[in-house]
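Here's the structure, in structure tokens; my notes come after.
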Amino acid sequence: MSQACAFIGLGVMGYPMAGHLQSNGFTTTVYNRTTTKAEKWAQQFAGKYAETPAQAAAHADVVMLCVGNDDDVRQVVFGEHGVLAAMREGSVLIDHTTASAELAKELAQAAQEKGIGFLDAPVSGGQQGAENGVLTAMIGGDREALERTDAVLACYAKTREYMGPAGHGQLAKMVNQICIAGVVQGLAEGLQLARKVGLDPDTLINAISQGAAGSWQMKNRYKTMWEQHYEHGFAVDWMRKDLKIALTEAERQGLSMPLTALVDQFYAEVQKMGGARWDTSSLLARLEK
């Protein structure tokens, strides 16, 4: 029997993710702080929307969250109108928000006390990956809960990797963002030199992308970076939020991450340039200002 779902948060990621659930036969009720967006989603996908997170979660077997940060998660999970107030014993709560590992542990404990399964499952792949249903989910928490909800997650996450106990999904996402930050900065510096010395970008990337220098960022972003087009993809504001989480965790672990800290400050400069909503590849704009 198809599981009933609730999806909380209809941002650029959550909107299409919830749509994939409904389109794949999982009856889905959504909640969004801006009700007009929830109404639009319900009309587009022939689904339902609720006035509060609790109302959305009341009859759901699986409740998914994809909101902004730790505080946003707590607002939609706890309290009289939070999802935990209405979720049934035996249901599963899945948090797709990129948040702290400490929050994941907090949610896992709260869910366990109510007989609810919990997974922290931040995703990677950006808006395009969400729209195409090919995200990667890095998953921590109750493995048995994952087995029960894998068909649900498969609607929008092509790759689903179990990382370990609660918090390990978030820790894996931190590593993901750290690696992206370093790669994009290297690509930005390389393209800056290429432009300065007059290399043809298409010929250059065709040559170097086949070897050890190749990356997803190089393949998918070099052309838009070269053309100074940054109005797409994953926003600088979001990346800074994610890097702050990673740097805080590194400090907790007694680790130094000088490259990550430096690139985070470069992104702060991009924000000051007016690029808060630009794509993360806009590190090149900072070099060329």
Side-chain angles (χ1 to χ4, degrees), residues 11-17 19-20 66 96 98 122-138 156-159 161 172-244 246 257 259-289:
V12 295
M13 302 290 286
Y15 193 99
M17 290 164 74
H20 286 301
C66 192
H96 289 306
T98 297
V123 293
S124 180
Q127 183 177 350
Q128 185 176 0
E131 291 172 351
N132 294 330
V134 293
L135 294 168
T136 294
M138 294 150 272
Y156 46 75
K158 182 179 180 181
T159 301
E161 203 68 50
K173 181 63 183 288
M174 293 175 207
V175 174
N176 185 77
Q177 302 305 78
I178 291 165
C179 293
I180 289 172
V183 168
V184 175
Q185 178 62 21
L187 179 58
E189 292 180 14
L191 290 176
Q192 181 192 31
L193 177 61
R195 197 192 302 274
K196 183 73 173 179
V197 300
L199 290 173
D200 175 74
D202 297 328
T203 305
L204 171 67
I205 297 304
N206 188 55
I208 69 174
S209 65
Q210 308 306 313
S215 67
W216 186 96
Q217 297 290 338
M218 179 178 288
K219 179 181 178 182
N220 291 277
R221 290 288 180 260
Y222 90 89
K223 187 176 285 290
T224 52
M225 290 171 73
W226 192 267
E227 295 170 351
Q228 301 176 323
H229 172 56
Y230 303 117
E231 303 299 327
H232 61 274
F234 188 72
V236 168
D237 276 351
W238 302 340
M239 182 57 124
R240 287 214 71 204
K241 184 264 292 186
D242 292 358
L243 293 180
K244 181 179 179 181
M257 295 199 301
L259 177 59
T260 304
L262 185 61
V263 177
D264 178 54
Q265 290 308 302
F266 291 163
Y267 278 127
E269 293 180 29
V270 174
Q271 288 175 319
K272 292 176 182 177
M273 290 169 57
R277 304 297 295 181
W278 289 351
D279 176 72
T280 50
S281 61
S282 57
L283 286 173
L284 180 57
R286 171 189 162 273
L287 295 173
E288 296 184 328
K289 66 180 178 181

Between [X] and [Y], which heavy-atom pair has the shortest distance, and what is it?
X: E131; Y: P16; value: CA-CB, 3.8 Å
X: V184; Y: T280; value: CG1-O, 3.6 Å
X: A235; Y: A276; value: CB-O, 3.9 Å
X: S282; Y: V236; value: OG-CG2, 3.4 Å
X: M13; Y: C66; value: CB-SG, 4.1 Å
X: P122; Y: K173; value: CG-CB, 3.6 Å

**OP:** I would like to know whether I208 and L204 meet side-chain contact (heavy atoms from CB on, under 4.5 Å); could you show each step before the answer?
**Re:** CA-CA 6 Å; I208 69 174; L204 171 67; 4.1 Å; yes
Please check if the side chain of [X] supplies one atom and the backbone of [Y] the other of a donor-acceptor pair under 3.5 Å.
X: R286; Y: Y267; result: no
X: K158; Y: G129; result: no
X: H20; Y: A130; result: yes

Decide yes or no for [X] and [Y]: does some side-chain heavy atom of the first lie under 4.5 Å from some side-chain heavy atom of the second?
X: T260; Y: D264; value: no
X: F234; Y: Q128; value: no
X: D202; Y: W226; value: no
X: Q271; Y: D237; value: yes

Original post:
Does any donor atom in the side chain of Q265 or E269 lie under 3.5 Å from an acceptor atom in the other side chain?
Top reply: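 There is no such pair between these side chains.
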**OP:** Mark yes when over 12 heavy atoms from residues, nucleotides or ligands other than K289 sit less than 6.0 Å from its NZ; otherwise mark no.
**Re:** yes
Subject >> Heavy atoms from other residues, nucleotides or ligands near CD of Q217 exceed 12 (cutoff 6.0 Å) >> reply: yes
To the nearest 0.5 Å, what is the distance between [atom1] on [X] and [atom2] on [Y]?
X: M225; Y: Q192; atom1: CE; atom2: CD; answer: 10.5 Å
X: Q127; Y: L135; atom1: CD; atom2: CG; answer: 11.0 Å
X: L199; Y: I205; atom1: CG; atom2: CD1; answer: 10.0 Å
X: L259; Y: M257; atom1: CG; atom2: CE; answer: 9.5 Å
X: I180; Y: L187; atom1: CD1; atom2: CG; answer: 12.5 Å
X: S209; Y: K219; atom1: OG; atom2: NZ; answer: 8.5 Å

Subject >> Non-neighbouring partners of D279 that pass salt bridge (Lys or Arg N to Asp or Glu O under 4.0 Å), sequence neighbours left out >> reply: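 R221.
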Original post:
Given E189 and Q185, is the side-chain contact (heavy atoms from CB on, under 4.5 Å) satisfied, shown in steps?
Top reply: CA-CA 6 Å; E189 292 180 14; Q185 178 62 21; 2.7 Å; yes
**OP:** Go through W278 and H232 one step at a time and tell me if the side-chain contact (heavy atoms from CB on, under 4.5 Å) criterion holds.
**Re:** CA-CA 7 Å; W278 289 351; H232 61 274; over 6 Å; no
